[in-house]
Structure formats: structure tokens, C-alpha cells
Number of protein chains: 2
Amino acid sequence: MATTTRKYNYSRQREVIYRLLAGTTAHPTAEWLHLQARRELPQLSLGTVYRNLQILAEQGRVRELQFGADQTRYDAMMEPHHHFICTGCGSMTDVFLQRDLPLDRLGGIPDGAAVESMHLELFGKCSACFG
Amino acid sequence: MATTTRKYNYSRQREVIYRLLAGTTAHPTAEWLHLQARRELPQLSLGTVYRNLQILAEQGRVRELQFGADQTRYDAMMEPHHHFICTGCGSMTDVFLQRDLPLDRLGGIPDGAAVESMHLELFGKCSACFG
DNA sequence: TTATTTGCAAATAATTTGCTCTCGT
DNA sequence: ACGAGAGCAAATTATTTGCAAATAA
């Protein structure tokens, strides 16, 4: 398979986007990043934001997150971790496992399949949305 | 909050869609369901499929699934369960936990937050894609 | 100077919606 | 009869892409 490698030049836009993403725990969308980044780079286009988020993901500096929402969210926290998602306001909070999940307690993993990573989604109400 | 209730009439289209979904473990997309259902209901439109999948979800008969893909997938298996997702071919397999996950091993759940449900995503290669 | 990146605008693709008509009760 | 559901096409929305000009190496 042609895992065509690729060369990455420096780009100010990309670093601004990355810095913003690394500086928040809010798991923002491309649109939010665009809005923020424009305070520094008023010409920055949304297309460029998307392109750079893709590149950052290829570089392993950023993770794309999906959950029942319409927009992809991004995360610069690359330590393995999981998420608590508030079903009230949609906010995502990082959750860390103190020990690995016991894979032996899982049934139904297809024969011969190799699990490479896992992501736990916890749904509920955050304190602001419930108490 | 206005959880506006709603009345549901019987609809042949809806039941065909549900039956197809309940009859497969493949976690199909709206498009696949549309294609299949049209063998029985040649006039069925894709919009109707989407509308009915939404209603079925409201009724708690169907679950919407998202994972890094572009298309939403649907699942009529409503027992709590989790998923193994092949990063090669994108197939999803149901995974059942033999015991509940030990929530006490999780760190970082925001104070005062109430976890209501969880979904574990396991990523890896299925036997066809790796061996 | 050569490949990469940008900004802009136009193109995609999945999903939703408006409208009129038909069906379920 | 009356509201719920269908079909169709047009509209939305997030994301991607083509292209000419700008930038990095």
C-alpha cells in the first residue's frame, strides 16, 4: 500500500492553529480555531484550518474526535486518554484511566482480530448541567 | 424543558427499515438501508429513510453510531454493548462486556458529573485485514 | 527554483427541510 | 376529517478541492 510519505514545510498558520489547540482543553471545532486564529492572522481561511488540522493529525500531533455531533472536534492532548461527554451542553472533558482496562473481560472481539487502541466515551451530565 | 412528546402512526416504510436493520449485524448506513429497502418499496426516498431512522432513535428502537467516518451508522441492537472497529475495512463488530467496567479506575471525571452510559470503541485490524 | 502552503471560491457529500399529496386512525 | 408520514427537490452544513499567487527550503 502506498503510504506515500510527505514533506512538511514550516507554516506560521499551522503553528498558530496548533498552539491554540494545545492551549485549551475544550476540544474545539475547526470553526472555533478559525475564529481564534484570525485574531492573529486575519487572512486565515477556514480551508487552511482544515488542511492544517489534517496535516497535524498525519503528523501525530493532533487527534480528531467524533461523537454524535455534527462537527469534528480536535484535541492536541496525545497521551492516551478518554472522554466524558455532557449530553446537556456537549462539552468534552478528558478522562484518564488509572489502570488499563482489562481486555480479558471483553467478550465478542472477533477471532484473530488485533486490538490496537481503545477509546472510552462516557456520557452523562456535567455539574453545570445537572449538579 | 419541553420534551415535546409526539405521536407515531404506523408506517410500512418505517417497519421495513427497522426490520432490515434488526436483521443485520453490519451496522449499515442510511444509504445501504435505502438500497435494500427499495427492493420492497421501490418508491422509498432517502429522505424518508433518514426521517424514520430519526424517529426510530427517538423511540429507542435504534441507536446512531459515529466513529471517525463520514456517514452515520445505525444499530438496532439495543442491549448495552460496545464496538470493535477495523481500521482496515471499517467494519464494526459488537462487543459485550462480561462484567461492568470498573468506574472507580477512572480519573478525571469532572466533580459533580453523573455518568449515565458509556461506549467503548476498540480499534484494530479484523482477521480479514490482518490475520 | 521547486515543492509546499495559502486564500479564495467553487465543488462535494451527508443530512435536513419545505411542500403537496397520501395514508393511518 | 385530521394529523402523521411519504416522495421529491431544493436547501443546509461541514468539509474538501482546484487554482493562481506567495512562501519555505
Side-chain angles (χ1 to χ4, degrees), chain A residues 2-21 26-59 61-75 90 92, chain B residues 3-21 27-59 61-75 90 92:
Chain A
T3 307
T4 313
T5 316
R6 175 175 180 176
K7 193 193 162 188
Y8 301 108
N9 282 349
Y10 168 86
S11 132
R12 177 137 109 97
Q13 284 80 340
R14 180 142 71 237
E15 292 314 314
V16 169
I17 292 165
Y18 177 75
R19 174 161 39 76
L20 283 167
L21 192 52
H27 309 86
T29 62
E31 211 183 326
W32 185 92
L33 289 165
H34 182 221
L35 213 59
Q36 297 304 311
R38 280 229 259 191
R39 305 200 304 186
E40 251 178 277
L41 301 169
Q43 304 310 324
L44 182 69
S45 77
L46 185 54
T48 297
V49 174
Y50 276 111
R51 256 180 312 220
N52 277 302
L53 286 169
Q54 242 174 239
I55 291 176
L56 288 166
E58 285 171 24
Q59 294 177 334
R61 300 210 276 156
V62 150
R63 217 170 136 185
E64 303 183 333
L65 298 173
Q66 235 97 25
F67 67 106
D70 42 347
Q71 292 180 83
T72 301
R73 285 157 167 262
Y74 297 87
D75 194 349
M92 302 184 76
Chain B
T3 307
T4 312
T5 316
R6 177 174 176 174
K7 192 192 163 190
Y8 301 108
N9 281 350
Y10 168 87
S11 135
R12 179 137 108 94
Q13 284 80 343
R14 179 144 70 238
E15 291 315 312
V16 169
I17 292 166
Y18 178 75
R19 175 160 39 75
L20 283 167
L21 192 52
H27 309 85
T29 62
E31 211 184 325
W32 184 92
L33 289 165
H34 182 221
L35 212 60
Q36 297 304 311
R38 281 228 259 190
R39 306 199 304 186
E40 251 178 275
L41 302 169
Q43 305 309 327
L44 181 68
S45 76
L46 184 53
T48 297
V49 174
Y50 276 110
R51 254 182 309 225
N52 277 301
L53 286 169
Q54 241 174 238
I55 292 175
L56 288 166
E58 284 171 25
Q59 295 178 333
R61 300 210 278 156
V62 149
R63 215 170 133 184
E64 305 183 332
L65 297 172
Q66 235 96 26
F67 68 105
D70 41 348
Q71 290 181 83
T72 301
R73 284 156 169 265
Y74 298 87
D75 194 350
M92 299 185 79

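Note on naming: letters A, B, ... go to the chains in the order of the sequence lines (proteins, then strands), and numbering restarts at 1 for each one.
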Worksheet item: Listed by chain and number, what are the side chain to side chain donor-acceptor pair (under 3.5 Å) partners of A:Gln36, not counting sequence neighbours?
Response: none
Item to complete: Whole angstrom is fine here: how far is it from CD1 in B:Ile55 over to C1' in C:dT15?
Response: 15 Å
Worksheet item: Pairs in or reaching into residues 43-59 of chain A: which pass salt bridge (charged side-chain N to carboxylate O under 4.0 Å, His left out), with residues at least two apart or in two chains?
Response: A:Arg6-A:Glu58
Discussion item. Five pairs per end, C1' atoms only: what is the angle between the end axes of the helix from C:dT1-D:dA25 to C:dT25-D:dA1, to 10 degrees?
Written reply: 30°
Worksheet, complete the sentence: dist B:Met92:CE -> B:His27:NE2 (nearest 0.5 Å) comes out at 5.5 Å
Please list each protein N or O that sits under 3.5 Å from an N or O in nucleotides 22-24 of chain C, with the distance.
none

Item to complete: Output the distance between atom OH (A:Tyr18) and atom CG (A:Leu21), rounded to the nearest 0.5 Å.
Response: 8.0 Å
Discussion item. Measure CD/A:Glu15 against C1'/D:dT23 and give the value in whole Å, please.
Written reply: 15 Å
Worksheet, complete the sentence: Sequence neighbours excluded, the answer for salt bridge (Lys or Arg N to Asp or Glu O under 4.0 Å) partners of B:Arg61 is B:Glu15
Discussion item. Holding to ring-ring contact (aromatic ring centres under 6.0 Å, His included), I want the full list of residues that pass it with A:His34, two or more places apart in sequence or in another chain.
Written reply: none
Worksheet item: What is the distance, rounded to the nearest whole Å, between atom CD of B:Glu58 and atom C1' of C:dT16?
Response: 14 Å
With 3.5 Å as the limit, what N/O pairs link the protein to nucleotides 15-22 of chain D?
{"from": "D:dT15", "atom 1": "OP1", "to": "A:Thr72", "atom 2": "N", "distance (Å)": "2.9"}
{"from": "D:dT15", "atom 1": "OP1", "to": "A:Thr72", "atom 2": "OG1", "distance (Å)": "2.7"}
{"from": "D:dT15", "atom 1": "OP2", "to": "A:Tyr50", "atom 2": "OH", "distance (Å)": "2.2"}
{"from": "D:dT15", "atom 1": "O5'", "to": "A:Tyr50", "atom 2": "OH", "distance (Å)": "3.3"}
{"from": "D:dT16", "atom 1": "OP2", "to": "A:Gln54", "atom 2": "OE1", "distance (Å)": "3.4"}
{"from": "D:dG18", "atom 1": "O6", "to": "A:Arg51", "atom 2": "NH1", "distance (Å)": "3.3"}

Item to complete: Give the rounded distance in Å between these two atoms: CG of A:Leu35 and C1' of D:dA14.
Response: 16 Å
Worksheet item: How close or far is atom P of D:dC2 from atom NZ of B:Lys7, stated in whole angstroms?
Response: 13 Å
Practice prompt. Would you list the pairs meeting salt bridge (charged side-chain N to carboxylate O under 4.0 Å, His left out) in which at least one residue belongs to residues 33-50 of chain B, sequence neighbours left out?
Written response: B:Arg19-B:Glu40
Worksheet item: Rounding to a whole Å, what distance do you find between A:Leu33:CG and D:dA14:C1'?
Response: 15 Å
Fill in: Phosphate contact (D:dA6 OP1 or OP2) by B:Gln13 side-chain N/O below 4.0 Å
yes
Item to complete: For B:Thr72, enumerate each residue passing the side chain to side chain contact (heavy atoms under 4.5 Å, CB included) test, keeping only those at least two apart in sequence or located in another chain.
Response: B:Glu64, B:Gln66, B:Tyr74
Discussion item. I'd like to check the side chain to side chain donor-acceptor pair (under 3.5 Å) partners of A:Ser11; sequence neighbours left out, ordered by chain and number.
Written reply: none
Worksheet, complete the sentence: Those residues at least two apart in sequence (or on a different chain) that pass side chain to side chain donor-acceptor pair (under 3.5 Å) with B:Arg14 are B:Asn52
Response to the item:
Contacts of B:Leu41 meeting side chain to side chain contact (heavy atoms under 4.5 Å, CB included) (sequence neighbours excluded), chain-then-number -> B:Arg12, B:Gln13, B:Val16, B:Leu44
